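Written out below as structure tokens is the structure these notes cover.
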4 protein chains.
Amino acid sequence: MIELDRDAMTPMYVQLANVLRDRIRHGQIPVGRRLPSQSELEAETGGAVSRRTIKTALEVLADEGLVQGVQGKGVFVIALPANPPASE
Amino acid sequence: MIELDRDAMTPMYVQLANVLRDRIRHGQIPVGRRLPSQSELEAETGGAVSRRTIKTALEVLADEGLVQGVQGKGVFVIALPANPPASE
Amino acid sequence: MIELDRDAMTPMYVQLANVLRDRIRHGQIPVGRRLPSQSELEAETGGAVSRRTIKTALEVLADEGLVQGVQGKGVFVIALPANPPASE
Amino acid sequence: MIELDRDAMTPMYVQLANVLRDRIRHGQIPVGRRLPSQSELEAETGGAVSRRTIKTALEVLADEGLVQGVQGKGVFVIALPANPPASE
DNA sequence: GTGGTCTAGACCACA
DNA sequence: GTGGTCTAGACCACC
């Protein structure tokens, strides 16, 4: 289950991207593996976000070079995130 | 045994085509010889792919001019692959 | 139903070829149409002939240029027979 | 409406490819335009062929370099066919 | 909505 | 047995 806060300052798609990025960082979805499908993510969030929002979140991760979509197969992890923007 | 990864980014039929192309390249199946039959390939993959998908893989190799199907006989190697996509 | 006479002088495959040639001549199977499949012919003859014999009959018609097999589709009429060797 | 003959010698997917190639040749679908979608083609043929078979027909045209599929958009004409198999 | 991937069967001629 | 044809579905990302 993915918990998102509709009333938070952070946009839903950023929240979702953050959740997925963390999963990737912590190896819950290793490089080369598929992310949950858009439908699965929609279900995992309890329908809190639309498919359009999910797509936006995935675009964020794609822009970061972390994931890549493949027609008919799914969205795949292709790299680990850089160090978390932690205590710099 | 042929190991395919259903959850990989690469479509199953491309994975299978890659495996067979390598076998041809390395002379494990010389020019003029028959490939394993579609049923045998289905078994070799542990039933990971259907015959239709196997056919798609063979179509890839046929499009590359490497193999050719003969009615009631099998699929035969008719040429060696061009140089592997070099690691230059 | 196709009636063949096992005890006739004429070989079974010739008898069968004759039956089929007549059907073609009389337009029961027009040019461009498919003949009954080998299995269907086997059934039509009540199992009186083996598939090998059926194939031989079809080869006769193919040699006469009347029919042509197509992989995965069937055997097709491609021409009408010449005048029957009647009262020459 | 697209008329296909299930019982013809020519495979259904070849018949369909021929129809579409003619449409392209005669400018009914100009270069750069989209072909009817796979679902539309399924309907145009009166459901005579499955989507998989339609795809096979489109693969034929793609192999000839006439069309190209675009994800989520459709299949587009990218070139005119070479001279028709002349009646010389 | 679109095309791309994949399944699990069927029937066919041919060897 | 073999490969070639075809079906009637499914799920996926993408638009």
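Treat the numbers as computed from the prediction; the structure is a model and nothing was measured. A note on names: the letters A, B, ... follow the listed sequences, proteins ahead of strands, and every chain is numbered from 1. The figures that follow rest on heavy atoms only: side chains count, while hydrogens, waters and symmetry mates do not.
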*Criterion side chain to side chain contact (heavy atoms under 4.5 Å, CB included) on D:Phe76 and D:Arg34, from CA distance to verdict*: CA-CA 4 Å; D:Phe76 292 82; D:Arg34 219 198 68 188; 3.5 Å; yes
To the closest 0.5 Å, what do you measure between [atom1] ([X]) and [atom2] ([Y])?
{"X": "B:Glu40", "Y": "B:Thr45", "atom1": "CD", "atom2": "OG1", "result": "12.0 Å"}
{"X": "C:Met12", "Y": "C:Leu4", "atom1": "CE", "atom2": "CG", "result": "5.0 Å"}
{"X": "A:Leu20", "Y": "A:Leu58", "atom1": "CG", "atom2": "CG", "result": "6.5 Å"}

*Specify the residue among B:Pro11 and C:Leu35 whose closest nucleotide of DNA chain E lies further upstream toward the 5′ end.*
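Closer to the 5' end of DNA chain E: B:Pro11.
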*Does B:Val49 or D:Gln38 map to a spot on DNA chain E nearer the 5' end, using the closest nucleotide for each?*
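In this pair, the answer is D:Gln38.
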Please classify the nucleic acid contact of [X] as base, sugar-phosphate, or nothing, using heavy-atom distances under 4.0 Å.
{"X": "B:Ala57", "answer": "nothing"}
{"X": "D:Thr56", "answer": "nothing"}
{"X": "A:Arg51", "answer": "base"}
{"X": "D:Ala48", "answer": "sugar-phosphate"}

*For D:Arg33, does the CZ atom sit with more than 12 other heavy atoms under 6.0 Å from it, leaving out its own atoms?*
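Open: at most 12 neighbouring heavy atoms sit under 6.0 Å from CZ of D:Arg33.
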*Closest-nucleotide ordering on DNA chain F, the 5'-leading residue of D:Thr10 and B:Gly72*: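 Result of the comparison: B:Gly72.
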_If I take atom CD in residue A:Gln68 and atom C1' in nucleotide F:dA13, what distance separates them, rounded to the nearest angstrom?_
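Atom CD in A:Gln68 sits about 12 Å away from atom C1' in F:dA13.
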_Can you give me the dot-bracket string for DNA chain E, 5' to 3', counting Watson-Crick and G-U wobble pairs with both distances under 3.5 Å, using [ ] for crossing pairs and | for partners on another strand?_
||||||||||||||.
*Can you give the first and last nucleotides of DNA chain E, 5' to 3', that have an atom under 4.0 Å from a heavy atom of chain B?*
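Reading along DNA chain E, I get E:dT5 to E:dA15.
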*Report the C-alpha distance between D:Val31 and D:Leu80 in whole Å, list the side-chain angles of each, state the deciding distance to 0.1 Å, and finish with yes or no for side chain to side chain contact (heavy atoms under 4.5 Å, CB included).*
CA-CA 7 Å; D:Val31 170; D:Leu80 288 175; 4.0 Å; yes
*Polar contact flag, side-chain donor to acceptor under 3.5 angstrom, B:Thr53-B:Thr56*: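 No, no side-chain donor-acceptor pair sits under 3.5 Å.
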*Using 4.0 Å as the upper bound for N to carboxylate O, is an ion pair formed by A:Arg23 and A:Glu44?*
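So A:Glu44 pairs with A:Arg23 through a salt bridge.
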*So, do B:Val75 and B:Gln68 sit near enough that their side-chain heavy atoms are less than 4.5 Å apart?*
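Not touching, per the 4.5 Å side-chain cut-off.
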